[in-house]
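Please read all numbers here as calculations on a predicted model, not as lab measurements. For the single chain, residues carry numbers from 1 onward in sequence order.
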Amino acid sequence: MKEEIGMKYPIGIQQFEKIRKGGFVYVDKTAQVYQLASQGCYYFLSRPRRFGKSLLISTMEAYFQGKKELFGGLALEHLETEWKSYPVLHLDLNARNYENEDSLRAELNKHLLSWEEQYGLETHSSLAPEERFFHVIRRASEQAGEQVVVLVDEYDKPLLSTIDHKELHDAYRDTLKGFFGVLKSQDPYIRFAFLTGVSRFSHVSIFSDLNNLKDISMDTKYAEICGISEKELHAYFEKPICALASAQHITYEETCAKLREQYDGYHFRENAAGMYNPYSLLNTFDTLEFNDYWFRTGTPTFLVKLLKRNDYPLKELKGLYVDESALQSVDEEYMDPIPVLFQSGYLTISGHDPELGYRLDFPNQEVERGFFNFLVPYYTSLLKSSVQSFLNRLTAAVRQGKPDELLKTLQVMLAGKPYQLAGGDKEVHFQNTLYLIFMMLGYNVQVEQATSQGRMDVTLQTKDYVYILELKLDRSAGEALQQIKDNQYARPFQADPRKVFLVGVNFSSAARTVEKWIVEEGIMTE
């Protein structure tokens, strides 16, 4: 069936020239490339991984090298009239594991050696990277008789890799600060500079010397510069959508709705078009199967470190309101994980209130499901390979109306996991753990649902059962159950035909798991 469509998907291919010469599908972003090049000089763009940043950089490289033949049939073919060739310095920091202080210098040295050889410069390895970069820019410009174009991909990979290693992180920050600071001092020799990354660090750190850098990450004009919009989806992929519908035995309309639920929903500004994750879309069309492709390509371990270090309440991630300044840069101490979650694509703008600010939420089902699934082993005693097996046991217990089996399984899942690994707040740790597990079950789960008498810790509903759970830490299951009764948490279900379970649970910080629970059936009224 894929052969009948006649389309080649550039999965894992980030080189513009290879895509164009190989006949792979290319979603045309070249009009915005021309707009950037003609209206400014220094830019920064933050976008999630696997969102097309590297391909955008490669497209810019081909454009500034004057490779007109690659742009046939694209917007830039008609927009550009001169097609001048500039020397391009392309730095990609994503191709190395940053393990020690020499790693970043080795990566910079690799590129500097190549440029020095290309432009006939004598290599002085004793000089600092920024000094060598200074000479490379000037020599390249003088030799070509044109200004230089500097393209930097994933500038923040060394920093994100060392979030939990302060000394090494600070050393990398200082090195990058000096290196990128050269761009401002060499301004007369630079035609265009474009830097990309997942996160945008505050001006007091990396970019303090490069204060003429324009951040377009939340600029409405460039909201669609990476990713695939709804309009682009139907302009370029109608045949694959139909093929997917046929393979899944669902209608065209149902297929479009499922694609939106799974992969759409990234908003980089209020009222901006929702963007699809291109990597997930291409893989879906290639395999003709819905799956969580984005999460298979990498694991957000640095996010886990941030969340656990600060004991961040996971239930607050959905529907959180923040102001714009909180989204634009990451503080050096990483006290707030929200900007990193937003810039990394795990949270997105879902609305805006003039008084409350931007409302954040997970962009789609793939991200929400994958994110919580990835966190579970870090908050329980389970190995990654056994998570799904335990979740299946929990699901069966919930579906069959067996609260005791549900709690026994939870007890095993949590036993032996030191709460210290999640920070110092025991209560938040257990709340986060339970929240994660219940979110993964796929049922209608409400956490801290407000009532006229208080807040129910957890309410879980299936077509046959309602579970009302009250959780205590180092107290008693009886006290938890009594709170359900005293506050009449079951009253909203009084006329409900489903069986209602009232479950009081006590966690023991000494045992590091569920200690005791008490279950009663029925509606408790006055």
Per the ring pair (Phe, Tyr, Trp, His ring centres under 6.0 Å) rule, which among Phe290, Tyr293, Phe237 passes with Phe285?
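The single option meeting the ring pair (Phe, Tyr, Trp, His ring centres under 6.0 Å) with Phe285 is Phe237.
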List for me each residue that meets side-chain contact (heavy atoms from CB on, under 4.5 Å) alongside [X], sequence neighbours excluded, and say none if there are none.
X: Ser344; value: Val198, Phe302, Leu303, Val340, Tyr346
X: Ala272; value: Ala223, Arg269
X: Thr162; value: His165, Leu168, His169, Tyr172

Is atom [atom1] of [X] surrounded by more than 12 heavy atoms (other residues, nucleotides or ligands) closer than 6.0 Å?
X: Glu117; atom1: CD; result: no
X: Lys68; atom1: NZ; result: no
X: Glu261; atom1: CD; result: yes
X: Asn271; atom1: CG; result: no

Does any N or O in the side chain of [X] come within less than 3.5 Å of the main-chain N or O of [Y], such that one atom is a donor and the other an acceptor?
X: Asn109; Y: Ser125; result: no
X: Gln262; Y: Asn364; result: no
X: Gln147; Y: Pro188; result: yes
X: Arg20; Y: Gly72; result: yes
X: Ser141; Y: Arg138; result: no
X: Thr59; Y: Phe16; result: no
X: Asn97; Y: Glu99; result: no
X: Trp115; Y: Ile137; result: no
X: Asn277; Y: Tyr279; result: yes
X: Gln32; Y: Lys29; result: no

State, with a plain yes or no, whether a side-chain heavy atom of [X] is found less than 4.5 Å away from one of [Y].
X: Phe133; Y: Val150; value: yes
X: Leu36; Y: Ile225; value: yes
X: Leu244; Y: Thr284; value: yes
X: Asn283; Y: Trp294; value: no
X: Met275; Y: Cys226; value: no
X: Val27; Y: Pro278; value: no
X: Arg105; Y: Leu112; value: no
X: Asp353; Y: Arg359; value: no

What's the shortest heavy-atom distance between [X] and [Y], and which atoms?
X: Ile190; Y: Cys41; result: O-SG, 3.9 Å
X: Glu130; Y: Val182; result: O-CG2, 3.3 Å
X: Ile57; Y: Leu151; result: O-CD1, 3.6 Å
X: Glu324; Y: Met218; result: CG-CE, 4.2 Å
X: Tyr312; Y: Pro337; result: CD1-CG, 3.7 Å
X: Leu317; Y: Leu347; result: O-CD2, 3.8 Å

Are the aromatic rings of Tyr155 and Phe44 close, with centres under 6.0 Å apart?
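Between Phe44 and Tyr155, which both carry aromatic rings, the centre distance is below 6.0 Å.
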Quick one: are the ring centres of Tyr34 and Phe71 less than 6.0 Å apart?
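No, too far apart.
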No-hydrogen, no-angle side-chain donor-acceptor test under 3.5 Å, [X] and [Y]:
X: Ser58; Y: Gln14; answer: no
X: Ser280; Y: Glu366; answer: yes
X: Asp187; Y: Tyr42; answer: yes

Please tabulate, for the side chains in residues 84-91, all donor-acceptor contacts under 3.5 angstrom to protein atoms that are two or more places apart in sequence or on a different chain.
from  : atom 1 : to     : atom 2 : distance (Å)
Lys84 : NZ     : Glu146 : OE1    : 3.3
Ser85 : OG     : Gln65  : O      : 3.3
His90 : ND1    : Glu61  : OE1    : 3.0

[X]: partners by salt bridge (charged side-chain N to carboxylate O under 4.0 Å, His left out), with sequence neighbours left out:
X: Lys221; value: Asp219
X: Glu154; value: Lys53
X: Arg369; value: Asp292
X: Glu230; value: Arg260

Measure the [atom1]-[atom2] distance between [X] and [Y] for me, rounded to the nearest 0.5 Å.
X: Lys157; Y: Leu176; atom1: NZ; atom2: CG; answer: 13.0 Å
X: Gln118; Y: Leu113; atom1: CD; atom2: CG; answer: 12.5 Å
X: Asp264; Y: Ile228; atom1: CG; atom2: CD1; answer: 10.5 Å
X: Leu121; Y: Glu116; atom1: CG; atom2: CD; answer: 6.0 Å

Can you sort out the partners of [X] under ring pair (Phe, Tyr, Trp, His ring centres under 6.0 Å), two or more places apart, ordered by chain and number?
X: Tyr263; value: none
X: Tyr266; value: Phe51
X: Tyr63; value: Trp83
X: His78; value: none

Run Asp174 and Lys177 through salt bridge (charged side-chain N to carboxylate O under 4.0 Å, His left out) and show every step you take.
CA-CA 5 Å; Asp174 293 342; Lys177 178 182 177 181; over 6 Å; no
Tyr43 six-ring centre to Lys214 NZ/CZ under 6.0 Å and within 45° of normal:
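No, Lys214 does not lie over the aromatic ring of Tyr43.
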Checking Tyr236 against Asp28 for the side chain to side chain contact (heavy atoms under 4.5 Å, CB included) test, could you report, in this order, the C-alpha distance in whole Å, the side-chain angles of both residues, the deciding distance, and whether it holds?
CA-CA 10 Å; Tyr236 290 90; Asp28 190 359; 3.3 Å; yes
Determine the interplanar angle of the Phe192 and Phe194 rings, folded into 0 to 90°, and report it as parallel if under 30°, tilted if 30 to 60°, perpendicular if over 60°.
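Phe192 vs Phe194 ring planes: parallel.
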